[in-house]
Protein chains: 6
Amino acid sequence: MNKLGIVKRNILRADRAAVERLGHFGVATVHEAMGRVGLMKPYMRPIYCGARLSGTAVTVLLHPGDNWMMHVAAEQIQSGDIVVAALSADSCDGFFGDLLATSFMARGATALVIDAGVRDVKELTAMGFPVWSKGISAKGTIKATLGSVNIPVVCAGALVNPGDVIVADDDGVVVVPAEWAQKTAEAAEAREANEGEKRAKLAAGVLGLDMYKMREPLERAGLRYID
Amino acid sequence: MNKLGIVKRNILRADRAAVERLGHFGVATVHEAMGRVGLMKPYMRPIYCGARLSGTAVTVLLHPGDNWMMHVAAEQIQSGDIVVAALSADSCDGFFGDLLATSFMARGATALVIDAGVRDVKELTAMGFPVWSKGISAKGTIKATLGSVNIPVVCAGALVNPGDVIVADDDGVVVVPAEWAQKTAEAAEAREANEGEKRAKLAAGVLGLDMYKMREPLERAGLRYID
Amino acid sequence: MNKLGIVKRNILRADRAAVERLGHFGVATVHEAMGRVGLMKPYMRPIYCGARLSGTAVTVLLHPGDNWMMHVAAEQIQSGDIVVAALSADSCDGFFGDLLATSFMARGATALVIDAGVRDVKELTAMGFPVWSKGISAKGTIKATLGSVNIPVVCAGALVNPGDVIVADDDGVVVVPAEWAQKTAEAAEAREANEGEKRAKLAAGVLGLDMYKMREPLERAGLRYID
Amino acid sequence: MNKLGIVKRNILRADRAAVERLGHFGVATVHEAMGRVGLMKPYMRPIYCGARLSGTAVTVLLHPGDNWMMHVAAEQIQSGDIVVAALSADSCDGFFGDLLATSFMARGATALVIDAGVRDVKELTAMGFPVWSKGISAKGTIKATLGSVNIPVVCAGALVNPGDVIVADDDGVVVVPAEWAQKTAEAAEAREANEGEKRAKLAAGVLGLDMYKMREPLERAGLRYID
Amino acid sequence: MNKLGIVKRNILRADRAAVERLGHFGVATVHEAMGRVGLMKPYMRPIYCGARLSGTAVTVLLHPGDNWMMHVAAEQIQSGDIVVAALSADSCDGFFGDLLATSFMARGATALVIDAGVRDVKELTAMGFPVWSKGISAKGTIKATLGSVNIPVVCAGALVNPGDVIVADDDGVVVVPAEWAQKTAEAAEAREANEGEKRAKLAAGVLGLDMYKMREPLERAGLRYID
Amino acid sequence: MNKLGIVKRNILRADRAAVERLGHFGVATVHEAMGRVGLMKPYMRPIYCGARLSGTAVTVLLHPGDNWMMHVAAEQIQSGDIVVAALSADSCDGFFGDLLATSFMARGATALVIDAGVRDVKELTAMGFPVWSKGISAKGTIKATLGSVNIPVVCAGALVNPGDVIVADDDGVVVVPAEWAQKTAEAAEAREANEGEKRAKLAAGVLGLDMYKMREPLERAGLRYID
């Protein structure tokens with residue numbers, strides 16, 4: 001019954017090409033393309049601004065104050081993975097610092113998404129290893145309790161299965177189920193193509209009211225203009 | 001009775017010259033000059049640092065999860081306006097992104113102040129369109145419910161009437177009632193003039209204790225020095 | 001009985017050399033070297049990124065909405081001090097701005113750590129005066145109530161005695177009791193020396209699992225690998 | 001320009017009969033009857049459960065840590081008033097306790113609504129004096145700074161003019177502008193009458209889907225039933 | 001790809017007998033019996049104290065400000081169900097009041113668990129319909145957007161599949177996957193049996209140090225007693 | 001250097017008579033009598049209302065997710081003690097439940113004050129064992145890391161030395177240093193005596209404005225009455 005103390009070695013990662021395509025879009029676009037689901041809570045913030053990337057999830061479930069499983073997770077990382085760390089209860093301690101980042105990078109990870117705190121952010125920024133976290137804290141952790149690696153986890157309110165696509169930027173983090181990767185990439189592309197034209201019109205002074213033909217529905221809804 | 005579903009087209013904007021003068025001061029200075037009222041809650045943060053500006057308020061009242069009225073507001077924008085978006089109940093979804101920003105900029109708006117979330121912050125930053133918001137979220141909104149444009153609103157704890165002056169910088173956002181613009185600008189100028197001299201003295205090592213003649217009142221209040 | 005209204009003039013500052021040695025390490029390293037105590041709450045954030053420094057604490061106890069004691073504290077500052085401001089109850093008003101910063105810098109202070117808000121952050125950033133605070137707010141304060149200077153205070157959850165060492169960086173703020181300064185610096189140096197080697201191994205792809213010999217204890221704890 | 005330091009003695013209170021009628025309804029009903037505006041933030045909680053009442057607002061603007069104006073407000077209370085205390089900046093100190101409650105009750109006030117903390121809640125509960133507040137704190141306040149009485153204030157996100165109707169119960173607090181009192185009471189009565197019938201149907205097992213004729217619009221919106 | 005706009009009619013509910021057995025235990029006991037997973041965030045609080053119950057989950061995914069799907073969910077309720085409402089983004093509006101409660105009760109639901117706000121809590125308390133929620137708010141919702149019913153949802157940080165067992169009391173809410181219900185009930189019974197004996201010993205003054213044989217491991221870990 | 005892993009057996013408890021006298025007063029009164037220091041943060045809330053008591057502190061320092069030291073603390077409890085549990089970093093897990101409460105009660109403890117979560121609140125309420133905590137959570141803890149017992153700790157923002165007096169009621173928790181117990185009790189008695197007369201006057205309709213002779217200072221401060 002217990003799902004703690006398990007490491008799943010072989011996981012099915014989302015299609016590499018689809019993952020890469022998704023990395024060209026912002027989180028907001030991907031989230032819209034999926035139908036407005038899969039977003040992590042907005043308290044997940046990048047430790048530095050400007051990063052935008054995608055990768056496949058290696059998941060890890062940690063307990064408050066204990067980062068033992070991060071070392072177990074490191075071994076399961078393949079090139080292009082993003083480690084997604086969930087907690088069994090709220091904690092903002094610093095579960096991750098520059099040593100673990102060195103190890104994760106050496107294994108091919110491109111980022112960490114963690115529903116807890118991180119530390120050594122000055123060093124992580126210098127290393128160019130992006131982290132989306134709930135907070136920053138110098139408080140270290142112990143290595144005493146088993147969690148699990150590559151099981152389904154809930155991270156910052158979003159369900160993440162190992163192998164799912166993670167897309168992250170300054171707007172936050174979104175999870176694309178592996179089996180939706182292809183279609184979501186297509187939908188995002190269609191959406192983006194469409195947006196270029198809209199942007200040009202709006203820049204030229206056309207109003208959304210006209211471009212989206214909102215005047216009539218607004219009037220029907222009862223909008224009144226007064227002077 | 002209902003104040004929803006109304007768009008006021010003709011609003012009295014604060015005197016342009018006074019608005020510009022106020023833009024030379026920081027929010028803290030303007031707030032002091034007004035007698036310490038009119039400040040928005042400190043959770044209102046800029047999406048990027050360093051901006052400092054003033055403008056006249058075009059107000060909009062939105063409902064959680066619904067940004068329909070932002071498009072209605074766009075049409076009411078004049079050059080030099082700042083859109084001030086209030087919510088009828090707390091929400092941190094992303095009500096505003098790069099498309100709306102393109103439209104607002106084309107209409108002449110210089111900033112957005114919103115008691116909710118925004119998205120596309122990487123793009124907004126690149127566009128140089130400053131936003132003060134409660135948070136950042138990729139979660140989009142629908143277009144189904146009427147709110148109002150250019151009615152008095154409470155935004156982040158501050159009452160804003162359409163046409164009021166908004167001053168914003170890294171310290172936050174302050175609202176100057178249109179009819180106070182002139183006097184507040186004068187008071188801010190007087191305050192600032194005064195501060196230059198003080199700054200020079202303090203930089204030279206003079207203590208505030210002496211400059212402000214605090215030693216005697218402190219002693220009277222019972223301050224004791226011990227070794 | 002009352003500990004309000006007192007200014008202690010002669011305080012025993014931590015050994016200058018030890019303070020300087022501690023300034024070479026990050027907060028996380030110092031915190032570990034001390035045995036994981038003395039950390040301020042993680043809500044204490046720098047107003048700008050990248051600063052890392054150490055200094056000796058001049059403490060001040062303030063009441064909500066009142067910064068009178070900051071001027072009293074200014075006189076007690078010596079070169080290399082960091083002012084640590086605690087509050088008798090929660091407040092996020094702006095107790096400190098560019099004028100006080102000018103005065104503190106002139107007196108030799110290198111930073112401010114305050115369990116409340118600050119303002120003029122654009123100016124403070126330009127001046128290069130680092131502040132770790134609970135928040136940013138343009139709301140000013142009055143000068144009406146006595147607090148104390150150089151008494152033991154609880155700042156952001158940490159006990160600070162005047163003269164203690166404060167180390168601060170992007171990870172937060174840690175307090176090293178003056179009498180531990182020497183030993184903590186030594187422990188931090190030992191720790192850091194040790195980390196260089198570890199970092200190299202991890203960068204070369206060695207796993208923490210092997211480097212820290214975790215495989216056997218993990219197995220003993222019941223970790224199971226599945227495919 | 002300054003609106004601090006003012007006490008308005010003659011205020012226009014909402015029609016007494018309308019105020020009483022509004023007191024028969026819950027906050028949710030009144031809020032709906034007004035068109036979903038005027039609600040205070042949901043962090044406003046009663047110090048004890050079960051109270052439901054209405055009254056006319058005597059407003060007071062306080063500064064953090066200072067309750068001097070509460071005594072000034074006491075003199076302006078008339079029978080059936082509810083004191084509404086707003087803060088110029090966030091504070092959760094205890095601005096109100098059993099002595100002030102004794103005075104307010106003696107003057108005819110029936111409740112306090114305060115965007116800050118209260119204390120002596122055990123005594124206030126025993127006295128049967130209901131308070132809706134942001135929190136509970138034993139931290140007292142000083143009497144040093146002027147605020148104002150009976151000016152328009154923003155309390156917990158809602159604009160309150162002196163004389164407006166306040167309705168409060170376990171769901172929170174809603175503000176009905178004095179000039180809307182009559183119409184809102186009528187709308188609330190109509191709403192309530194209507195609800196009795198609905199309640200009976202629902203209790204008998206009729207579904208809202210059928211009662212509100214939602215099946216067709218749901219289908220049109222694309223709802224799919226699967227097995 | 002889209003999982004919005006779906007209602008699953010036939011769901012596999014956890015074994016009735018196991019659900020009932022689980023209802024005899026507190027949330028803490030069930031959580032321990034499951035191996036410390038499945039707990040909702042501690043911000044989920046009952047609207048009144050003292051309730052303790054179990055039931056099978058009918059899940060519903062709502063959007064901020066929109067409770068349309070609650071009516072769709074009502075039709076799917078069977079006797080002994082607990083409705084579990086998740087949100088696609090944070091909202092604390094009042095999605096549920098006494099009318100919906102009347103309908104849910106008539107359909108056989110025994111409670112509501114909602115990651116948002118509720119209203120009419122005075123009435124809900126009088127009706128004896130327990131609700132665990134994130135907050136209380138009189139702010140109503142609209143009926144404009146499709147969500148889904150009986151899909152897997154993340155509610156207050158916990159994954160809930162339709163048919164899972166929900167156990168709730170003053171400590172919070174825990175989710176037991178349907179397939180674990182039997183074994184968890186057994187484990188909880190074993191645990192509880194065991195606790196009676198422990199309780200008697202502790203009540204008699206026996207120390208946990210001795211009862212759990214902790215003295216030796218504590219000494220080994222380095223615990224030192226000083227006078 | 002390390003202050004972890006220590007249990008101090010002989011502590012100097014505050015004078016028993018003074019502790020008892022302090023127990024007759026509310027937290028607000030004691031806090032005032034001490035000069036407005038020593039208050040724990042207002043997030044510390046009782047698990048049930050109405051309790052008011054005093055006792056001597058047995059302190060314990062815990063790490064997030066680990067309650068091992070609670071068992072060590074139990075042995076140090078003497079009749080009339082209140083256990084004060086501090087955390088080395090924020091955590092809201094349930095560190096304490098009915099078994100530990102049984103043990104603490106058997107040892108003579110009258111309450112627990114903990115800067116973290118508790119569980120089994122239904123049982124604790126039935127047992128009549130009052131707890132002031134930061135929250136409620138069913139999430140259990142492990143027993144793996146050493147903390148300390150009877151060292152000075154910072155609990156919810158207040159410094160507590162073993163043997164200090166703890167006074168707690170619905171308003172929160174205040175700490176009276178052991179050496180101040182006597183004088184604080186006297187000051188509280190004087191204050192309370194004084195309050196009876198004031199209460200009678202206010203109940204008779206006398207205004208604080210007159211009773212405290214505030215009219216003249218208010219006028220001097222510039223208060224203006226308008227009609």
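Being a predicted model, the structure only gives us computed values, none of them experimental. Letters A, B, ... are given to chains in the order of the sequence lines, protein chains preceding strands, and every chain is numbered from 1.
Side-chain contact between F25(F) and V167(F): absent, with no pair of heavy atoms (C-beta onward) separated by less than 4.5 Å. The side-chain heavy atoms of I166(E) and V173(E), taken from C-beta on, include a pair separated by under 4.5 Å. Side-chain contact between R13(E) and D81(E): present, with at least one pair of heavy atoms (C-beta onward) separated by less than 4.5 Å. Looking at V160(E) and V113(E), their side chains never come closer than 4.5 Å, going by heavy atoms from C-beta outward. By the 4.5 Å heavy-atom criterion applied to side chains, P177(F) and M34(F) are counted as neighbours.
When heavy atoms are compared at a cutoff of 4.5 Å, D169(E) does not approach chain F at all. When heavy atoms are compared at a cutoff of 4.5 Å, I136(F) approaches chain E by way of both its backbone and its side chain. D93(F) does not touch chain E: none of its heavy atoms, backbone or side chain, sits under 4.5 Å away. Only the side chain of M69(F) comes within less than 4.5 Å of a heavy atom in chain E; its backbone stays farther off. The contact between V72(F) and chain E is made by backbone and side chain atoms together, counting heavy-atom distances below 4.5 Å. Proximity to chain F (any heavy atom under 4.5 Å) is restricted, for E32(E), to the side chain, taken from C-beta onward.
Shown here is E216(E), whose CD atom has more than 12 heavy atoms of other residues, nucleotides or ligands within 6.0 Å.
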Quick one, V84(E) with D164(E), criterion side chain to side chain contact (heavy atoms under 4.5 Å, CB included). Give me CA distance, side-chain angles, the key distance, then yes/no. CA-CA 10 Å; V84(E) 176; D164(E) 281 352; over 6 Å; no
Run the side chain to side chain contact (heavy atoms under 4.5 Å, CB included) test on D66(F) and T141(F) for me, step by step, so that the C-alpha distance in whole Å, both residues' side-chain angles and the decisive distance to 0.1 Å come before the verdict. CA-CA 5 Å; D66(F) 197 309; T141(F) 48; 5.5 Å; no
For residues 37-45 of chain F, please give each side-chain donor-acceptor pair under 3.5 Å, one per line with the distance, not counting sequence neighbours.
residue: K41(F); atom: NZ; partner: D90(C); partner atom: OD1; Å: 2.5
residue: Y43(F); atom: OH; partner: D115(F); partner atom: OD1; Å: 2.8
residue: Y43(F); atom: OH; partner: D115(F); partner atom: OD2; Å: 3.3
residue: R45(F); atom: NH1; partner: D170(F); partner atom: O; Å: 3.2
residue: R45(F); atom: NH2; partner: D170(F); partner atom: O; Å: 2.6

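Heavy-atom neighbours of chain E within the stretch residues 118-133 of chain F, taken at a separation under 4.5 angstrom, comprise R119(F), D120(F), V121(F), K122(F), E123(F).
Put simply, of M214(E), R215(E), K198(E), the one with the most heavy-atom pairs under 4.5 Å next to chain F is M214(E). The residue among I47(F), L100(F), D98(F), T102(F) with the most heavy atom pairs within less than 4.5 Å of chain E is T102(F).
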